[in-house]
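Keep in mind that this is a model prediction, so the values were computed, not measured. Letters go in sequence order (proteins before strands), and every chain restarts at 1.
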Number of protein chains: 2
Amino acid sequence: MTTQMMIELIAVLTAVRDDVPQVMTIDHGRLLPSGPLESTHRSLQAGVRAWVERQTGHPIGHVEQLYTFADHDRLLTTGQGRLIAISYLALTRSHAGETGWRDWYDYFPWENSKTDVGRDCLAIIERLLCRWVANMDNAAVRVRQWQRCVSLFAIGDMVAWNDELVLQRYELLYEAGLVAEAGCPPEDAVPGQAMHHDHRRILATGMARLRAKIRYRPVVFELMPEEFTLLQLQRVMESLSGVQIHKQNFRRLIMQQQLVEETGRIEENTGGRPARLYRFCGEVRQARQFVGTKIPLFQP
Amino acid sequence: MTTQMMIELIAVLTAVRDDVPQVMTIDHGRLLPSGPLESTHRSLQAGVRAWVERQTGHPIGHVEQLYTFADHDRLLTTGQGRLIAISYLALTRSHAGETGWRDWYDYFPWENSKTDVGRDCLAIIERLLCRWVANMDNAAVRVRQWQRCVSLFAIGDMVAWNDELVLQRYELLYEAGLVAEAGCPPEDAVPGQAMHHDHRRILATGMARLRAKIRYRPVVFELMPEEFTLLQLQRVMESLSGVQIHKQNFRRLIMQQQLVEETGRIEENTGGRPARLYRFCGEVRQARQFVGTKIPLFQP
DNA sequence: TTGGCTTATACTCAATATGAGCATAAAGAA
DNA sequence: TTCTTTATGCTCATATTGAGTATAAGCCAA
């Protein structure tokens with residue numbers, strides 16, 4: 001007995017502009033590029049590429065699968081059928097003058113913990129979560145949930161901030177009824193723009209995957225221009241992870257891994273001493289593609 | 001335009017018996033437990049659980065999604081429809097006297113690189129791959145593919161063996177036409193039992209995921225009995241990863257991470273001095289569930 | 001022209017973490 | 001008893017990491 005199914009492909013397409021990670025959206029920032037799998041698509045990846053390029057005009061590079069959802073709230077409105085969503089993370093380089101790009105942190109201001117906006121947002125969240133648990137009847141549940149808040153949002157610096165827990169933090173806020181998607185009135189919601197359906201949740205999944213992946217695979221270079229200075233590279237990693245990096249140690253680690261090589265050219269507009277330009281060389285030099293990237297991401 | 005779809009759920013259910021990782025199979029070891037998603041399933045995970053329990057009678061614990069496939073060779077034979085397969089990794093504890101369990105390394109003998117069988121198998125593979133690239137016309141392609149062989153199978157110890165590349169190694173053997181699934185005659189195939197469809201590929205995906213995950217999440221304990229000695233724990237990690245571990249350093253790392261606590265009881269049947277028994281305590285002690293596991297897996 | 005600001009780049013130093021091994025303890029077996 | 005086996009405690013050299021100092025080389029404004 002096969003039921004009526006519909007497969008939706010959803011892309012979290014990410015690029016970096018002016019050291020700020022951005023995501024491609026449609027519908028005025030309320031939806032991720034997406035569309036149904038069609039019989040003309042040769043594969044799932046091909047389908048994702050087709051939809052993104054059709055809806056945004058932007059060709060995409062690196063693509064990897066994120067997650068497949070088929071919850072019960074994903075029922076087709078047209079009948080007894082079921083809607084399955086397969087989400088993808090895609091990375092791409094430049095995008096001068098295109099529309100549809102939005103900052104990651106418009107949707108997740110609290111994830112930008114290195115900025116003032118992020119810190120303010122976290123302070124608000126802390127208060128709201130505190131109120132949320134205070135209203136719980138069962139004492140044991142209250143303690144456990146507060147523990148969860150503390151460890152996910154690094155409240156009270158007994159626990160270090162873990163930048164990879166983007167999804168878990170969003171889900172906690174959802175459960176606490178502090179995001180618009182959970183049906184809460186805007187005045188009770190945490191800062192950050194909402195999206196339709198569960199697209200903000202999918203964005204969180206993509207952000208978490210990318211934050212995890214840049215630690216052990218050289219995927220950052222998918223987002224960098226051909227030539228870049230080491231500070232530019234550092235800025236991109238910092239803004240992706242939302243965490244500060246010690247400059248000298250960052251250089252040391254990048255250099256000793258031999259992922260980059262000097263181009264011989266110089267960037268003059270640094271605001272200070274000119275900087276050497278580098279290019280990614282992991283692809284060419286090592287046919288062994290399975291190299292890692294170690295980054296000194298620390299907590300301040 | 002929605003096409004006719006069928007969703008298949010496939011489980012890589014893993015347990016450990018006598019320090020050997022095993023996978024649950026049906027059809028005499030030729031298939032992984034699997035079945036179509038039905039409208040009665042409340043979620044994908046629930047569907048996986050239902051199918052595994054119906055086909056094998058074994059209840060499962062930890063479950064996580066692996067990958068969703070929809071390649072063109074996955075067309076429904078009944079028409080123009082498409083078959084989508086969503087695969088899951090599941091972990092479970094004991095399974096005394098159940099049928100259907102097979103050793104991981106019956107399917108992937110070369111992945112058991114710490115044993116003699118594994119080393120012999122790797123020697124055979126090296127010869128076959130050597131012959132494969134030797135027959136290539138284009139010199140540039142030959143060099144690149146040989147590079148790939150060298151780095152994936154750690155040929156000539158210029159490169160260290162990477163135990164997480166299970167899937168990449170299988171895919172290389174598939175491309176080289178050295179596995180039965182690629183349609184090669186049995187006498188040309190590499191050792192290791194084949195499976196129907198792409199189930200061996202999915203098993204490889206599950207093995208790779210588990211090998212990667214035990215390094216940074218305390219999932220091993222899902223496979224351990226309630227009480228265990230540190231050597232038992234080490235043996236399980238070694239057999240999962242196919243890599244040797246330095247005993248004293250392993251103990252040091254496990255102890256200092258405070259993932260386990262003494263039960264106060266003693267295991268007598270060690271073959272030597274009796275050993276203390278431990279239990280996993282990460283779950284209870286730390287409501288912060290996001291703890292890691294660091295293991296000193298080295299290459300000999 | 002000079003001092004101040006910015007970023008770049010080279011090095012140092014202490015604290016940890018890691019790989020490898022030694023030594024002793026405690027059981028059973030020959 | 002002596003040998004073998006596993007358990008467990010401890011040392012030591014080396015590598016990695018976090019943090020900071022020092023100097024270089026641009027720009028700009030006084």
Side-chain angles (χ1 to χ4, degrees), chain A residues 18-19 114 157 160-161 163 215-216 227-239 241 243-279 291-300, chain B residues 18-19 114 157 160-161 163 215-216 227-239 241 243-279 291-300:
Chain A
D18 300 329
D19 300 334
K114 78 171 174 163
D157 56 55
W161 175 265
D163 60 276
R215 286 168 193 269
Y216 62 93
E227 287 190 328
F228 48 85
T229 70
L230 292 185
L231 184 60
Q232 283 165 358
L233 181 62
Q234 180 183 342
R235 291 261 163 81
V236 170
M237 302 223 58
E238 285 179 330
S239 61
S241 63
V243 162
Q244 299 264 37
I245 304 177
H246 182 282
K247 185 169 177 171
Q248 295 91 322
N249 292 347
F250 177 78
R251 309 179 108 256
R252 177 173 61 189
L253 222 50
I254 295 295
M255 298 306 287
Q256 80 187 20
Q257 285 177 97
Q258 305 205 282
L259 291 170
V260 298
E261 63 186 4
E262 288 188 46
T263 65
R265 303 171 29 136
I266 298 288
E267 170 64 55
E268 303 283 354
N269 294 330
T270 62
R273 171 175 169 177
R276 296 180 196 163
L277 283 164
Y278 294 83
R279 77 166 67 88
V291 288
T293 333
K294 288 184 293 183
I295 307 296
L297 295 165
F298 65 93
Q299 30 278 339
Chain B
D18 301 329
D19 300 333
K114 77 171 178 167
D157 56 56
W161 176 264
D163 60 277
R215 287 170 193 267
Y216 63 94
E227 288 189 326
F228 48 85
T229 69
L230 292 184
L231 184 61
Q232 283 165 357
L233 181 62
Q234 179 183 343
R235 291 260 164 82
V236 170
M237 302 223 58
E238 285 179 330
S239 62
S241 63
V243 163
Q244 299 264 37
I245 304 176
H246 182 282
K247 186 169 177 171
Q248 294 93 320
N249 292 347
F250 177 78
R251 308 180 109 255
R252 178 173 59 189
L253 223 51
I254 295 295
M255 299 306 286
Q256 81 188 20
Q257 285 178 97
Q258 305 205 281
L259 291 170
V260 298
E261 63 187 5
E262 288 188 44
T263 66
R265 302 171 30 139
I266 298 289
E267 171 65 55
E268 302 283 355
N269 294 331
T270 62
R273 172 175 167 176
R276 295 180 196 163
L277 283 164
Y278 294 83
R279 77 166 68 88
V291 289
T293 331
K294 289 184 293 183
I295 307 298
L297 294 164
F298 64 94
Q299 30 276 338

- Between Ile266(A) and Leu277(A), does a side-chain contact (heavy atoms from CB on, under 4.5 Å) hold up when you go through it step by step? CA-CA 5 Å; Ile266(A) 298 288; Leu277(A) 283 164; 5.8 Å; no
Nearest-Å distance, [atom1] ([X]) to [atom2] ([N])?
X: Leu277(A); N: dT9(C); atom1: CG; atom2: C1'; result: 15 Å
X: Asn249(A); N: dT12(C); atom1: CG; atom2: P; result: 15 Å
X: Ile254(B); N: dA7(D); atom1: CD1; atom2: C1'; result: 16 Å
X: His246(B); N: dG9(D); atom1: NE2; atom2: P; result: 15 Å
X: Phe250(B); N: dG9(D); atom1: CZ; atom2: P; result: 15 Å
X: Gln257(B); N: dT16(C); atom1: CD; atom2: P; result: 17 Å
X: Gln248(B); N: dT6(D); atom1: CD; atom2: P; result: 13 Å
X: Ile245(A); N: dT7(C); atom1: CD1; atom2: C1'; result: 17 Å

- For Leu231(B) and Thr270(B), what are the C-alpha separation, side-chain angles and deciding distance, and is it a side-chain contact (heavy atoms from CB on, under 4.5 Å)? CA-CA 9 Å; Leu231(B) 184 61; Thr270(B) 62; over 6 Å; no
Using a cut-off of strictly less than 4.0 Å, decide whether [X] has a side-chain nitrogen or oxygen near OP1 or OP2 of [N].
X: Arg251(A); N: dT17(D); answer: no
X: Arg273(B); N: dG9(D); answer: no
X: Lys247(B); N: dT8(D); answer: no

- Task: Kindly compute the distance separating CD (Gln232(A)) from CD (Glu227(A)), expressed to the nearest 0.5 Å.
- Result: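 So the CD of Gln232(A) and the CD of Glu227(A) are separated by 10.0 Å.
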- Distance, nearest 0.5 Å, that separates CG of Leu233(A) from CD1 of Ile245(A):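 If we round to the nearest 0.5 Å, Leu233(A):CG and Ile245(A):CD1 are 8.0 Å apart.
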Taking the minimum atom-to-atom distance to the side chain of [X], which one of [options] wins?
X: Arg252(A); options: dT7(C), dA27(C), dC13(C); answer: dC13(C)
X: Thr229(B); options: dC22(C), dA7(D), dG19(C); answer: dA7(D)
X: Leu231(A); options: dT8(D), dA20(C), dA8(C); answer: dA8(C)
X: Pro274(B); options: dA7(D), dA26(C), dT18(C); answer: dA26(C)
X: Arg276(A); options: dA19(D), dA23(C), dA10(C); answer: dA10(C)

- Query: Is there side-chain contact between Trp161(A) and Lys114(A), with at least one heavy-atom pair below 4.5 Å?
  - Reply: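 Not in contact.
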- Quick one: does Glu267(B) reach the base of dT6(D) with a side-chain donor-acceptor pair under 3.5 Å?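 Side chain to base: no pair below 3.5 Å.
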